[in-house]
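Working notes, structure below.
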2 protein chains.
Amino acid sequence: MSVLTQSKEDYLEAILVISLEKKWVRVSDLADYLGVKMSSVATGIRFLAENGLVNHEKYGYIELTREGIRVAKQVYARHKTLYKFLHDFLGLSEPVAWRDACRMEHVLDAKTMKRLLKFLEFIETCPEGEPLWLSNFHSFLKTGKRPEPCLRREK
Amino acid sequence: MSVLTQSKEDYLEAILVISLEKKWVRVSDLADYLGVKMSSVATGIRFLAENGLVNHEKYGYIELTREGIRVAKQVYARHKTLYKFLHDFLGLSEPVAWRDACRMEHVLDAKTMKRLLKFLEFIETCPEGEPLWLSNFHSFLKTGKRPEPCLRREK
DNA sequence: TTATAATGTTAGCGTTGTCTAACATTGTTC
DNA sequence: GAACAATGTTAGACAACGCTAACATTATAA
């Protein structure tokens with residue numbers, strides 16, 4: 001499949017996300033969701049339709065094709081991973097984390113995405129739940145101080 | 001000052017970086033460094049000159065103005081912070097980390113940059129040097145296994 | 001059912017930023 | 001200093017992607 005631009009990936013992801021809630025996705029939904037005009041959506045969707053990523057009849061609903069779903073899910077997965085890192089780990093607010101995740105999702109190397117995922121996995125699979133150093137970091141963010149001296153290996 | 005595009009920020013940063021080594025910066029240096037043609041550099045530089053960010057006489061050397069230096073240093077600082085996170089912390093290779101940092105540096109919210117900086121500070125100011133959990137993470141990256149059970153608070 | 005509102009499409013424009021090709025200047029070498 | 005190489009500039013094309021304005025279709029409500 002031809003390489004998609006950032007904008008096209010955004011359209012695909014938006015269709016997926018909207019369709020998680022709305023059953024039918026229309027041009028106006030996408031325009032609202034992405035903050036662009038309907039005419040811009042129309043242009044973008046035409047391209048995606050011509051390239052077999054969406055089905056769309058004039059004045060009708062928009063639907064992802066099998067291939068479109070595949071791509072959209074990839075993009076959405078990257079978005080969620082980045083969001084988790086920015087929001088759950090770095091503690092950024094929901095809107096900032098969501099927007100930055102959206103901007104990062106198109107530019108990062110696959111290796112970087114994988115590595116971030118590894119990092120989140122490292123935290124989440126900690127045998128004792130949230131690791132102490134992470135609590136310490138979050139409290140460091142709030143107070144500017146370390147709540148405890150750094151941890152040492154258990155004796 | 002007018003808001004600069006990603007491309008313009010890249011030109012400014014590149015001038016700064018090159019001038020750290022070369023004393024004189026020329027159009028060809030920038031073209032090599034950024035992987036674009038000289039004609040593209042010429043266009044970009046003209047804009048920057050018109051907006052008081054660089055000095056450049058036809059067929060001459062390129063120099064940042066005071067304002068240009070200010071902006072370039074900001075961009076470079078973001079780049080270095082991101083690089084440190086991607087390379088030193090996540091353990092990504094130098095080229096991947098450098099390139100992704102370059103892509104991220106233009107899109108992240110100031111809050112996100114600050115927060116990343118905080119995180120790096122949290123690690124670097126650990127009283128005992130590199131925290132054990134970080135070593136554990138790096139070894140987790142290599143082996144896929146945790147070298148130790150998670151740390152507990154000292155008794 | 002007809003007027004109006006909402007929605008969707010198309011054409012055409014502006015911006016950004018790259019490129020190629022042609023031309024201009026400067027540097028180098030004999 | 002003449003010829004050639006290296007470097008720099010300009011003009012013009014193209015791609016992406018947003019926009020406005022005008023028009024087309026569909027939905028809604030009187």
Side-chain angles (χ1 to χ4, degrees), chain A residues 1-15 18-19 21-64 71-72 75 99 102-103 105-107, chain B residues 1-15 18-19 21-51 53-64 68 71-72 75 99 102-103 105-107:
Chain A
M1 181 61 225
S2 64
V3 176
L4 292 172
T5 62
Q6 171 160 347
S7 162
K8 299 308 187 302
E9 286 189 346
D10 281 337
Y11 283 120
L12 291 177
E13 187 194 355
I15 297 169
I18 293 170
S19 69
E21 304 214 325
K22 286 203 62 172
K23 182 72 182 174
W24 298 114
V25 180
R26 322 177 27 148
V27 170
S28 55
D29 296 323
L30 281 169
D32 288 350
Y33 185 88
L34 294 169
V36 299
K37 301 292 175 186
M38 282 196 295
S39 58
S40 305
V41 174
T43 310
I45 292 300
R46 193 191 312 152
F47 175 92
L48 294 173
E50 283 165 357
N51 286 271
L53 292 160
V54 304
N55 296 320
H56 181 225
E57 292 179 1
K58 264 196 180 183
Y59 301 100
Y61 298 111
I62 298 163
E63 212 180 28
L64 293 169
V71 177
V75 178
R99 212 199 44 206
C102 182
R103 292 171 169 182
E105 79 194 5
H106 307 288
V107 301
Chain B
M1 182 60 225
S2 64
V3 175
L4 291 172
T5 61
Q6 171 160 347
S7 162
K8 300 308 188 301
E9 284 189 348
D10 281 337
Y11 283 120
L12 291 177
E13 187 194 354
I15 297 168
I18 293 169
S19 69
E21 304 216 324
K22 286 200 63 171
K23 181 74 181 174
W24 299 115
V25 179
R26 322 177 26 140
V27 170
S28 56
D29 296 323
L30 282 169
D32 288 350
Y33 185 88
L34 294 168
V36 298
K37 299 293 175 187
M38 281 196 295
S39 58
S40 306
V41 174
T43 310
I45 291 300
R46 192 190 314 152
F47 175 92
L48 294 173
E50 283 165 358
N51 286 270
L53 292 159
V54 304
N55 296 318
H56 181 224
E57 291 178 4
K58 267 195 177 184
Y59 301 101
Y61 297 112
I62 298 163
E63 212 180 27
L64 293 169
V71 176
V75 177
R99 212 197 44 208
C102 183
R103 292 171 169 181
E105 79 193 4
H106 307 288
V107 301

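This structure is a prediction, so every number in the text was calculated from the model and none was measured.
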Q. Sequence neighbours excluded, which residues qualify as side chain to side chain donor-acceptor pair (under 3.5 Å) partners of B:His56?
A. none

Q.
Just verifying a value: how many Å separate B:Glu13 CD and B:Glu105 CD, rounded to the nearest 0.5 Å?
A. 4.5 Å

Q: Please state how far atom CH2 in A:Trp24 lies from atom P in C:dT7, giving the value in whole angstrom units.
A: 18 Å

Q. Tell me, for nucleotides 9-19 of chain D in 5' to 3' order, what letter each nucleotide earns: B for a base near a protein heavy atom under 4.0 Å, S for only sugar-phosphate near one, - for neither?
A. BB-----SSSB

Q | Gap between atoms CD1 and P, on B:Ile45 and C:dT16 respectively (whole Å) | A | 16 Å

Q) Is there a side-chain contact (heavy atoms from CB on, under 4.5 Å) between A:Leu64 and A:Val71 once you walk through the steps? A) CA-CA 10 Å; A:Leu64 293 169; A:Val71 177; over 6 Å; no

Q | Rounded interatomic separation in angstrom, taking CG from B:Leu30 and P from D:dG8 | A | 9 Å

Q: Working to the nearest 0.5 Å, report the span between CD of B:Gln6 and SG of B:Cys102.
A: 7.0 Å

Q: Take the C1' atoms of the five end pairs on each side of the helix from C:dT1-D:dA30 to C:dC30-D:dG1, get both axes, and report the angle to 10 degrees.
A: 0°

Q | Separation of atom CG in A:Asp29 from atom C1' in C:dT7, rounded to whole Å | A | 11 Å

Q. In chain order, what residues pass the salt bridge (charged side-chain N to carboxylate O under 4.0 Å, His left out) check against A:Lys23, with sequence neighbours excluded?
A. none

Q: Only one of B:Val54, B:Thr5, B:Leu4, B:Leu53 passes side chain to side chain contact (heavy atoms under 4.5 Å, CB included) with B:Phe47; say which it is.
A: B:Leu4

(Q) Side-chain N or O of B:Arg26 versus OP1/OP2 of D:dT7: is the shortest distance under 4.0 Å? (A) no

Listing, residues 31-38 of chain B side-chain donor-acceptor contacts under 3.5 Å, not counting sequence neighbours, or none:
none

**Q.** Counterpart residues, side chain to side chain donor-acceptor pair (under 3.5 Å), relative to B:Arg103 (two or more places apart)
**A.** none

